[in-house]
Amino acid sequence: VKKTLTVAIAGLGTVGSGVIKILESKMESIERKTNTRLVITAVSARDKTRKRSVDLSSFKWVDDAETLAADPAINVIVELIGGADGAALRLCENALKNGKHVVTANKALIAKHGVYLSQLAEENNVTLAFEAAVAGGAPVIKMLREGLSANNFARIYGIMNGTCNYILTTMQATGRDFKDVLDEAQKLGYAEADPSFDIDGIDTAHKLAILASLAYGCPVNMDALFIEGITRITTTDIHYAAELGFKIKLLGICEMTANGLLQRVHPCMIPVTNAIACVDGVYNAVVLEGDSVGRLMLEGRGAGESPTASAVVADLIDIACNRFTYPFSVPANALQPAKNASIDSHNGAYYIRLTVIDRPGVLSDITQALSTEHISVESFLQKGAKSDGNVQIIITTHDTSEKSMSTAVKQINSFPWAVEPATLIRIFK
Ligand SMILES: NC(=O)c1ccc[n+]([C@@H]2O[C@H](COP(=O)([O-])OP(=O)(O)OC[C@H]3O[C@@H](n4cnc5c(N)ncnc54)[C@H](OP(=O)(O)O)[C@@H]3O)[C@@H](O)[C@H]2O)c1
């Protein structure tokens with residue numbers, strides 16, 4: 001006899017509609033895999049009258065999504081509302097307390113309250129699953145928590161925001177500037193009306209913090225992250241990057257360093273020979289460096305209706321099959337705060353672009369500022385005088401510490417010949 005798993009879907013936007021489409025179109029194959037019939041019993045969103053891409057007439061409509069948490073007829077809540085707090089949090093919290101499984105795609109919620117929700121899930125013997133929260137359709141959480149669970153990780157890094165990757169790729173391909181490409185991305189629906197979470201690096205930070213928790217067994221800690229977005233990236237830098245053999249990408253990187261766990265999100269100059277430099281457009285990719293397995297890269301669509309819904313439905317299938325894992329790999333109360341390293345302790349190479357007044361003595365000032373901080377230059381480019389009399393100087397350095405670099409840049413910015421503050425981009429190796 002087939003079992004039944006009753007599912008309520010809260011939030012019927014991009015992802016919610018995608019989940020309904022997959023559950024309906026793949027009902028038979030899901031039943032064969034799980035010996036369970038997944039039945040959508042109720043749905044909820046803000047506006048009942050809104051026209052949707054799915055037919056909702058056979059489902060019970062609920063005006064207040066939060067009431068789903070108390071409905072005894074429901075086994076699983078699929079939370080696709082979004083937002084770190086508010087209705088999404090209250091729904092998930094109460095559902096878990098009432099012994100319902102919860103599946104969510106909400107990275108903001110998991111980054112802020114994931115450990116607490118995980119505790120609730122464990123106390124109530126139910127599942128909290130959030131595969132879709134990181135890298136959308138690419139099952140990186142499952143890979144980290146299950147397939148690679150025998151590993152310690154030296155480093156995990158990735159392109160985890162499709163909007164930023166689309167903007168940077170398009171800037172590179174067309175030579176158009178940031179604002180112009182962002183406007184177009186908003187028109188095409190690749191960027192939100194309020195794009196700040198994406199372009200300021202916050203969305204990548206949420207995802208990175210979740211991966212770091214899974215990989216290093218520590219509670220998610222957003223305060224430990226260094227975050228810098230892509231708004232300062234210009235076509236000039238993209239152009240020089242190409243000349244030097246780099247592409248600029250927004251990376252989220254967590255790594256175990258001599259000073260502790262360093263989690264950072266910022267634009268990087270990546271050598272074009274590195275596989276992740278070739279991940280373009282809306283694609284995401286995560287690279288995991290495990291001590292036993294070596295390096296592994298997972299690339300796929302990090303957002304969009306059906307890739308994200310693919311991950312949500314996979315979580316539902318796990319629940320139907322009674323496949324249980326601790327949400328953060330280990331029991332929530334076994335997570336141990338990490339010793340966090342600050343960005344100041346980061347060691348690496350840098351790209352610096354300076355706009356300077358073309359006059360004698362500039363080069364010796366720059367050399368002096370760098371050598372005082374023991375920074376050695378790897379390459380130096382000077383681009384001829386512009387009509388305004390200014391020149392561009394592009395320097396790449398050998399490895400040095402962030403602290404030395406920022407002291408040197410402060411000094412350089414204070415010279416009277418500096419036309420604008422230096423642009424500093426970290427080189428990724
Ligand atoms: N879009 C993606 O590609 C993607 C990828 C990965 C993860 N995610 C995550 O998935 C979640 C959903 O994203 P989405 O893109 O599908 O968002 P969306 O298209 O904006 O849809 C949000 C849905 O939530 C409903 N809603 C808003 N407030 C509500 C409330 N208080 N009670 C009940 N329903 C409410 C909205 O109702 P109305 O339709 O009536 O306005 C809408 O149907 C977010 O956490 C997001 O971060 C999205």
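Throughout, numbering of the chain's residues begins at 1 and tracks the sequence.
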Flag if over 12 foreign heavy atoms under 6.0 Å of [atom1], [X]:
X      : atom1 : value
Glu146 : CD    : yes
Lys97  : NZ    : yes
Arg155 : CZ    : yes

* To do: Decide yes or no for Leu251 and Ile159: does some side-chain heavy atom of the first lie under 4.5 Å from some side-chain heavy atom of the second?
  =>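 A side-chain contact under 4.5 Å exists here.
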Find the distance between [atom1] ([X]) and [atom2] ([Y]) and round it off to the nearest 0.5 Å.
X      : Y      : atom1 : atom2 : result
Glu402 : Arg426 : CD    : CZ    : 4.0 Å
Asn124 : Leu96  : CG    : CG    : 7.0 Å
Arg37  : Ile30  : CZ    : CD1   : 11.5 Å
Thr34  : Lys3   : OG1   : NZ    : 7.0 Å
Asp344 : Phe226 : CG    : CZ    : 9.0 Å
Leu316 : Leu38  : CG    : CG    : 5.5 Å

* Go through the steps to decide whether Gln411 and Thr407 satisfy the test side-chain hydrogen bond (donor to acceptor under 3.5 Å, both in side chains), and finish with yes or no. => CA-CA 6 Å; Gln411 171 71 45; Thr407 308; over 6 Å; no
* To do: Fit a plane to each ring of Tyr166 and Tyr190, take the angle between them on a 0 to 90° scale, and name the class: parallel (under 30°), tilted (30 to 60°) or perpendicular (over 60°).
  =>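 Ring orientation, 0 to 90° scale: perpendicular.
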Main-chain N/O of [Y] paired to [X] side chain as donor or acceptor, under 3.5 Å:
X      : Y      : value
Gln263 : Ala212 : no
Lys249 : Val279 : yes
Lys100 : Asp71  : yes
Glu131 : Val140 : yes
Ser371 : His374 : no
Asn284 : Gly158 : no
Asn151 : Phe153 : no

* side chain to side chain contact (heavy atoms under 4.5 Å, CB included) partner of Tyr157, chosen from Leu288, Val286, Val287 ->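 Result for side chain to side chain contact (heavy atoms under 4.5 Å, CB included) with Tyr157: Val287.
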* Begin with the C-alpha distance, continue with both residues' side-chain angles, and end with the deciding distance and a verdict on side-chain hydrogen bond (donor to acceptor under 3.5 Å, both in side chains) for Glu378 and Thr397. => CA-CA 5 Å; Glu378 208 242 337; Thr397 73; over 6 Å; no
* To do: Indicate, with yes or no, if the rings of Phe197 and His206 have centres closer together than 6.0 Å.
  =>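 Yes; His206 has its ring centre under 6.0 Å from that of Phe197.
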* State which residue, out of Arg353, Lys247, Arg232, fulfils the salt bridge (charged side-chain N to carboxylate O under 4.0 Å, His left out) condition with Asp237. =>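 Per the salt bridge (charged side-chain N to carboxylate O under 4.0 Å, His left out) rule, the option paired with Asp237 is Arg353, out of Arg353, Lys247, Arg232.
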